[in-house]
Each structure stands twice: as C-alpha cells, then as structure tokens.
2 protein chains.
Amino acid sequence: MERTGDVQSVSRALDLLTRLGSSEEGQRLSELARAAGLAVSTVHRLLTTMQQAGFVHFDPARSEWHVGREAFAVGAAYVQRRDFVAPAMVFLRRLRDESRETANLGILEDGQLVTLAQVESREITRAISPPGGRVAATCSAMGKALLATWTDEQIAMFCKQNGFRKLTPNSHRTLASLMADIRTIRKRGFAIDDEEHVAGLRCVAAVASSPQGDAICALSVSGLANRLSAARASPVAGRVVVAAREFAQKIGPR
Amino acid sequence: MERTGDVQSVSRALDLLTRLGSSEEGQRLSELARAAGLAVSTVHRLLTTMQQAGFVHFDPARSEWHVGREAFAVGAAYVQRRDFVAPAMVFLRRLRDESRETANLGILEDGQLVTLAQVESREITRAISPPGGRVAATCSAMGKALLATWTDEQIAMFCKQNGFRKLTPNSHRTLASLMADIRTIRKRGFAIDDEEHVAGLRCVAAVASSPQGDAICALSVSGLANRLSAARASPVAGRVVVAAREFAQKIGPR
DNA sequence: TTCTTCCTTTCCGTATGATGGAAAAAATAT
DNA sequence: ATATTTTTTCCATCATACGGAAAGGAAGAA
C-alpha cells in the first residue's frame, strides 16, 4: 500500500469488484482472497458489505461471487449520460454487417480512449477491448482520429504530459512520427491503427462531429490483421467515414 | 447505521456511487455530502479514493462528480455473463416496432425481477423500470411469468418468505389470488400485469425457455394502460409469445 | 482592485471501527 | 465415518477512518 490519502477498505473493495468484473466466471471467496492478497475474513466482510448494497451477488448453490445488479445499474448511468450511444447502435450494427468485423464507438476521457459500445463480429473473435476498456490514445485508431481534431499545440502538450505507450513495435514513440500520422489522418479523413495497440490487430476509425464542428466520438471497425488486410482497410474505412457522417447528421439537429 | 457486520466506509462509498448513478446530472461535493448526511471531508476522501480506482470521475471545469469508466466496465460484466442479452435485442426491437410500446427483458434474481435490457417506445414515455431496476416478482408480468414455471410448492414457499408488496390496489395480496393468476398464465402462456406495479401501466410477458425446459428469462411489452388497452393486450401478448419462442430456439442450440 | 461568500482541499488529534488470527460451523472429499 | 477444505463468526488490538477546523481557490460585488 502506498502512502496516499486513500481509504484502505474502499480501495480494497473496489479492487475486489474489478476482479469479479474481469473474470467471466464467478469467484470463490478463498480464491479471491488469495488473488487479492488479503485475509479471508477481510474479504468476506467486504463482500458481504457490497452484497448488502447489491453491488455483488452470491450464488449459494455454487458458492461463487458475481458482479451484482446495482453495479450494473450504476454503470449504465455512465453510458446514459452520453445520449449519443443509443442512436449510434444502428450504425455500429450496419458497420458490423458490412465489414463482418467488430464495430466500436469510443470517446477520449482523461487522455485515454474509452470504448463505450461495441457490436461484435459474428466470426470467432474475443473482444480485445470490451466496453469500458481503455487504451492509450496514441495507440488507438479512434484515439488518433479524435486527437487529429485538436490543434498541433494541444497534441504536443498532451504528448508531453502523457508520453508514449509502446504497446507494440508499431506504436508511435516520437511526437514527429505521431504528427506525420495526424496530418495524414486530417487529409484523408480517417485513422488507421496498424497493429499499434495489439500485434495482429488492425483498426480503422473516423470521428463524428456536431454541426458546430466539435468532435463527439469516434466510430471504428477492428479485426484481425490478416483478415482486415491493408487492401481491405481502405474500402472499410470508406464505410466507417460514411457511417460517422450519417450518424453525425442524425444526432446533429436534435 | 445498524449493527451489522458491515464495513462503514465501503457502505458509504457505495451509497455515494448509487447517488451519482441515479441522478442524470453530475453532483457537487457539498450537495453530495449534504444528501448523504456525511462530513464534506469524509465524502471528499471517499470520492478521491474511488477516483483512483476509476469508479468515479471528476469534471474540474464544472467541479462535478460523475460515475466513472470502471463502474461501467464492471457493470458491463454483469450483462456479459448473461450471454442471452445480446441475442435478445433483435427480438426486443421487433416487439417494440410491432407494438409501438416499450419492450423489456428480465430475469429473477433473489426473488426480484431485474430488468436487463429495454428497447423504448418511440412515443413519449419515461421508462418506469430502467435497465438494472427491480420489482417485486408478484407485481410484475415478467416476474409472474417466470414464477409460473415453478412448482406450486416453490411459489408458496417463496410467498411465505417474501410476502406481497402491495404497490397498487391491483397488486396481489394473497397466495390464493396469485395462484389463480398463475394457473391462468400457465394455461394461456403469457402473463399480464394489469396496473399491479404502477397505476396506469399495463404489461404483458412470456418466458423464453431452454430446450431442457428451464426458464431462462422473460420478454415483455409495457405501455400506458389507456394506450395498451385490455383489447389490445391480447394481440400484443401473441406477439410476445411468438418472440419468446423464436428467441428460445435461437439461443437453444449453441 | 479589495472585500465578500461559497466551495474545495488539506491537515491533524482522537476514538471508532476495520483488521487478521483463530475458532466454530459447514460443506466436500476420502 | 474421518479427514480436509472452505465459509462464517468472534474478538482484542491498534491502525485507520473520522469530522472539525483551517487553508486554499474561485466567482462575484462594491
């Protein structure tokens, strides 16, 4: 534990919640305690407290703990606040059907790209960045597309503060290389993540802007690089650009 | 505070999270403290702790606190665990379009009906029971439809334990009246909530069952009673029954 | 400007309440 | 039936969460 002004029990409880949320299966008490490095009695007390509040749920039959109803209800508020998510779904679905790949919607929050919604490919794939997931903006097609709407000074400032995450050999690692990419993005109207986030994964993205010109969010299509080849990327990008423009028109005049 | 074995700070933190989740707007620190009945310094410490974990987010420009990204990510896990939610959406949408009313999907959890997904009517209406919301099973069409798949003994036991919530004058208040309703539901294959949950609201529901015959979830259509009249309820119910059956077939053979 | 007022953030001494070990109870395996 | 593992309860200790108070900011009025 660091010497922060944090409330220990709350940090621990949220850590448990996150662990429950990131594993598909339910978790047993003792596993959880071992994984979190806490005493079983402590974990038990924290879990039952969260159970009272409905944030976790205990399945007595299997004696497993799950994420609870209230966590879902609270989390839903995060998306409901962004009233563009619901109307975007139809465009994401169309992109998925046109490309047979996974379609995503994301925004920048605190310099990271957060995936807000996703319509998964029907082919076999696990979601790399599930809803709620986040990535360094410079390693993401949606992130770069949104950054490209900023001024050069803002981008430079941002990079100075956040640096560059080198998630793969292809990730940008200098401001110069990023800015060259940004200029291309501005010129052609869409961004490409060419295995810059995860090796083997390619992604094309375009932003949807309000009539006033403010970027609202980004739409993207992502897929395995050998399926979403460099050759296929361009036509798919065209689809993404069109979808983003139509979506922007739909939500523009409200 | 009661004399439970609860962890005070965690209960308080989750209470704050819930408050943030249930108000559309962001909340200021001092409002939150006043509403929760806690000292500002305490609330501030709890919020910054949750901020570290990404569960709440602070907007410095407006100095307002919001539900954070991680809460969304964890909540999403709740739905992802129920892998029938995504494939149900297309059926909910169809029901909405056929009926021009709101379509819902729900399950029973701990004896309460939890709404997991919803496709809202395009007419002006606010959702009475939003996703994540819960209702006493005996006051809900989906709840009664799911209860009807239980044995009479199980239902009697359930009612003995949970009693009857009398939310409106029409709510069931005796086992006899509920069981009469249950028998009708089993016979005709769908349930009706005739202003038993909220006055002025009618709802028709049917269950979707696995090939093994286990009830998985319920689908429903809900609307204002004067629009979803008694006369209209029957044909709409037919649609719901068909949608539930087709949905069950779709998810059955995986 | 300078003086309000209101709100946020930090600090600190106190005693509350969270902690983990251990024992009891329950479930599961042998 | 016995052994083993896991869950739940209890309790004495002291770490830590608490709230009052003061400092630090922001926004407006005079």
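Atoms considered below: every heavy atom in the structure, side chains included; atoms not considered: hydrogens, waters and symmetry mates. Chain A is the first sequence line, chain B the second, and so forth, proteins listed ahead of strands; every chain is numbered from 1.
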Please give, in whole Å, the distance from [N] [atom2] to [X] [atom1]?
| X | N | atom1 | atom2 | result |
| --- | --- | --- | --- | --- |
| B/Asp59 | C/dT8 | CG | P | 12 Å |
| B/Leu47 | C/dC7 | CG | C1' | 14 Å |
| B/Met50 | D/dA17 | CE | C1' | 14 Å |
| B/Leu32 | C/dT9 | CG | P | 13 Å |
| B/Leu29 | D/dG24 | CG | P | 19 Å |
| A/Glu31 | D/dT6 | CD | C1' | 11 Å |

Do [X] and [Y] have side-chain heavy atoms sitting under 4.5 Å apart?
| X | Y | result |
| --- | --- | --- |
| A/Gln52 | B/Ser11 | no |
| B/Glu70 | B/His57 | no |
| A/Val74 | B/Leu20 | no |

Modelled atom types, side-chain donor and acceptor of [X] and [Y], under 3.5 Å:
| X | Y | answer |
| --- | --- | --- |
| B/His197 | B/Ser140 | no |
| B/Asp59 | B/His66 | no |
| B/Thr115 | B/Asn104 | no |

Within 45° of the six-membered ring axis of A/Tyr78 and under 6.0 Å from that ring's centre, is NZ or CZ of A/Arg82 located there? yes
Between C/dT9 and B/His44, is there an OP1 or OP2 to side-chain N/O distance shorter than 4.0 Å? yes
Quick one: bend of the helix from C/dT1-D/dA30 to C/dT30-D/dA1 from 5 pairs per end, to 10°? 40°
With B/Phe190, which residues qualify under ring pair (Phe, Tyr, Trp, His ring centres under 6.0 Å), at least two apart? none
B/Phe55: ring pair (Phe, Tyr, Trp, His ring centres under 6.0 Å) partners, not counting sequence neighbours: none
What does the B/S/- profile of nucleotides 23-30 of chain C look like, 5' to 3', with a 4.0 Å heavy-atom cutoff to protein? --------
Passing candidate, side chain to side chain contact (heavy atoms under 4.5 Å, CB included) with A/Cys217, options A/Val85, A/Val114, A/Leu105, A/Ile251: A/Leu105
Sorted by chain and number, sequence neighbours left out, salt bridge (charged side-chain N to carboxylate O under 4.0 Å, His left out) with B/Arg186 holds for B/Asp152
N/O contacts under 3.5 Å, protein versus nucleotides 16-22 of chain C?
unit_1	atom_1	unit_2	atom_2	d
C/dG17	OP1	B/Gln8	NE2	3.0
C/dA18	OP1	B/Gln8	N	3.2
C/dA18	OP1	B/Ser9	N	3.4
C/dA18	OP2	B/Asp6	O	3.3
C/dA18	OP2	B/Gln8	N	2.8
C/dT19	OP1	A/Arg12	NH1	3.3
C/dT19	OP2	A/Arg45	NH1	3.2
C/dG20	OP2	A/Thr42	OG1	2.1
C/dG20	N7	A/Ser41	OG	3.0
C/dG20	N7	A/Arg45	NH2	3.1
C/dG21	O6	A/Ser41	OG	3.4

